[in-house]
Amino acid sequence: MAFAMSVPSDKRGMGALSRIRDNEMSKTEKNLISLARYVRKNNPIPEGKEHPQVCRDVMDGLISLTEAHETTKRDVAIRESEEAIRKENAEKLADVRIRYPNLAALVDDERLTLAQAIASAEQSDRDEAEEVARLERAAAEKARREQEEADRLQAGALEGAARVLSAETFY
């Protein structure tokens, strides 16, 4: 942990001392330094301090590096999950703002939760889709009836024309 705290990056060009130390280290030591660097990098550094508290706890023997690494991995996963949820919610709210500004205003006023606003917006979308489908069915039915009427009129006209022709040929 001390090495990771003093040389927090494994980038080359960090100085001759770090390159010499890296070359002299065993694979196990390099793996442990990698764990320690991960712990240092992924934990918050308190204001006015140089390193995260967990690094000092490892140095003081309060927790093992393995425990610190596992805890950090869990914390990183939780933070990433929470960030993904925040991002998704922000995108949903932006969509609600564009399509349903009245719902977004209620969310802003904390009279509706984002989940309630999204549910309401989705219900409005479903209602609109159902209305469009109903109008399309009505238009199709009207077109069908008009076509039937046109066909009936055309059949009647043809029948009348046939009678006229047969009457003319009869005389």
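Side-chain atoms of Glu29 come within 3.5 Å of backbone N or O of Ser26 as a donor-acceptor pair.
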Run the salt bridge (Lys or Arg N to Asp or Glu O under 4.0 Å) test on Arg145 and Glu141 for me, step by step, so that the C-alpha distance in whole Å, both residues' side-chain angles and the decisive distance to 0.1 Å come before the verdict. CA-CA 6 Å; Arg145 283 195 310 267; Glu141 179 61 23; 3.5 Å; yes

Could you go step by step and tell me if Glu83 and Arg86 meet the salt bridge (Lys or Arg N to Asp or Glu O under 4.0 Å) rule? CA-CA 5 Å; Glu83 182 58 31; Arg86 274 192 296 278; 3.1 Å; yes

side-chain contact (heavy atoms from CB on, under 4.5 Å) for Val96 and Val107? Distances and angles first, verdict last. CA-CA 10 Å; Val96 169; Val107 171; 5.7 Å; no

Show your reasoning for whether side-chain contact (heavy atoms from CB on, under 4.5 Å) applies to Arg56 and Leu62. CA-CA 9 Å; Arg56 290 191 297 272; Leu62 299 175; over 6 Å; no

Apply side-chain contact (heavy atoms from CB on, under 4.5 Å) to Gln116 and Thr113, showing your working. CA-CA 5 Å; Gln116 290 169 326; Thr113 66; 3.2 Å; yes

Distance-only criterion, 3.5 Å: show the donor-acceptor pairs between side-chain atoms of residues 44-52 and protein atoms not counting sequence neighbours.
residue : atom : partner : partner atom : Å
His51   : ND1  : Arg40   : NE           : 3.0

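Contact of the Ile63 side chain with the Val58 side chain is registered, since non-hydrogen atoms from C-beta on lie closer than 4.5 Å. No side-chain heavy atom of Glu131 sits less than 4.5 Å from a side-chain heavy atom of Asp127. Side-chain contact between Leu112 and Leu103: present, with at least one pair of heavy atoms (C-beta onward) separated by less than 4.5 Å.
Summarising the geometry, atom CG belonging to Leu135 is positioned 12.0 Å from atom NZ belonging to Lys142; distances are rounded to the nearest 0.5 Å. Once rounded to the nearest 0.5 Å, the distance linking CD of Glu130 with CZ of Arg137 reads 8.5 Å. Note that CG of Leu35 is 11.5 Å distant from CZ of Arg37, once rounded to the nearest 0.5 Å.
No side-chain donor-acceptor contact under 3.5 Å links Arg144 and Gln147. In summary, the side chains of Glu67 and Ser64 do present a donor paired with an acceptor at a separation below 3.5 Å, with no hydrogens or angles considered.
Across Thr71, Asp75, Thr72, a single residue satisfies side-chain hydrogen bond (donor to acceptor under 3.5 Å, both in side chains) together with Asn43, and that is Thr72.
Applying the salt bridge (Lys or Arg N to Asp or Glu O under 4.0 Å) rule to pairs touching residues 98-118 yields Asp95-Arg99, Arg97-Asp108, Arg99-Asp125, Asp109-Arg111, sequence neighbours excluded.
In summary, Arg152 and Glu149 engage in a salt bridge, as defined by a charged side-chain N under 4.0 Å from a carboxylate O.
A continuous path of hydrophobic side-chain contacts links Leu106 to Leu114 [ILVMFWY only; heavy atoms under 4.5 Å].
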